[in-house]
Amino acid sequence: MSLVSQYALPMNGPEGDAEFWAGIDWRSEEASVKRLRQRIYRAARNGNMKRVRNLQKLMLRSRANTLTSVRRVAQQSTGKKTAGIDGVVALTPKDRGSLARKTLAQPDIPAKPVKRVYIPKANGKTRPLAFLSYATAQTRRG
């Protein structure tokens with residue numbers, strides 16, 4: 001054992017990205033998003049559009065919504081191993097934690113344009129297929 005590790009004390013400071021990702025209480029984050037969605041639904045059902053808009057803005061700024069969006073894109077989605085047009089894939093807890101921290105630090109990232117590829121159909125025509133960037137995908141799934 002080296003002298004540095006023998007006398008090293010735990011520090012108060014930012015933890016690593018993997019520890020940040022592992023330390024998230026997903027049950028409470030999902031419950032928070034669910035409650036907010038229910039509030040939006042009730043306001044819309046009652047016809048209170050001003051409240052709906054305010055709650056939707058609150059959801060866009062919500063930490064819980066951001067974290068669950070990152071989790072859906074990077075961990076739960078069937079396309080989690082497929083990179084977007086930005087080439088980002090977050091397969092490890094460290095990468096997911098880093099992506100979550102980056103998204104929380106800059107919440108108003110403008111959406112990037114989608115990459116369109118035209119694929120042939122059976123009748124000879126073509127149809128567009130769009131590929132999103134990772135940041136745009138998590139913004140849209142929120």
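We number each residue from 1, following the sequence as shown. What you are looking at is a predicted structure, and each value in this text was computed from that prediction instead of being measured.
If you take OG on S62 and CG on L55, they are separated by 11.5 Å, rounding to the nearest 0.5 Å. How far CZ of R53 is from CG of L58: 15.0 Å, rounded to the nearest 0.5 Å. Annotation: the span from E30 atom CD to D25 atom CG amounts to 10.5 Å, rounded to 0.5 Å. Atom CD of residue E29 and atom CG of residue L67 lie 5.0 Å apart, to the nearest 0.5 angstrom. From K94, atom NZ reaches atom CD of E19 across 9.5 Å, with rounding to the nearest 0.5 Å.
Minimum interatomic distance between W21 and A100 (heavy atoms only, all atoms of both residues): CZ3-CB, 4.0 Å. For the pair P128 and Y118, the tightest heavy-atom approach, listed with the atom from each and the gap, is CB-CE2, 3.5 Å.
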With a 3.5 Å cut-off and sequence neighbours excluded, list the donor-acceptor pairs that the side chains of residues 40-50 form with protein atoms.
unit_1: N46; atom_1: ND2; unit_2: R42; atom_2: O; d: 3.2
unit_1: N48; atom_1: OD1; unit_2: R51; atom_2: N; d: 3.3

* **Residue pair R63, T66: steps toward the side chain to side chain contact (heavy atoms under 4.5 Å, CB included) verdict** => CA-CA 5 Å; R63 177 182 187 270; T66 302; 5.7 Å; no

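Annotation: side chain of L36 is not in contact with side chain of N65 (no heavy-atom distance under 4.5 Å). Looking only at side-chain heavy atoms (C-beta outward), R101 and L104 stay at 4.5 Å or farther from each other. V33 has its side chain within reach of M59: a pair of non-hydrogen atoms, C-beta onward, lies under 4.5 Å apart. In this structure, R35 and S32 have side chains that are in contact, with non-hydrogen atoms separated by less than 4.5 Å.
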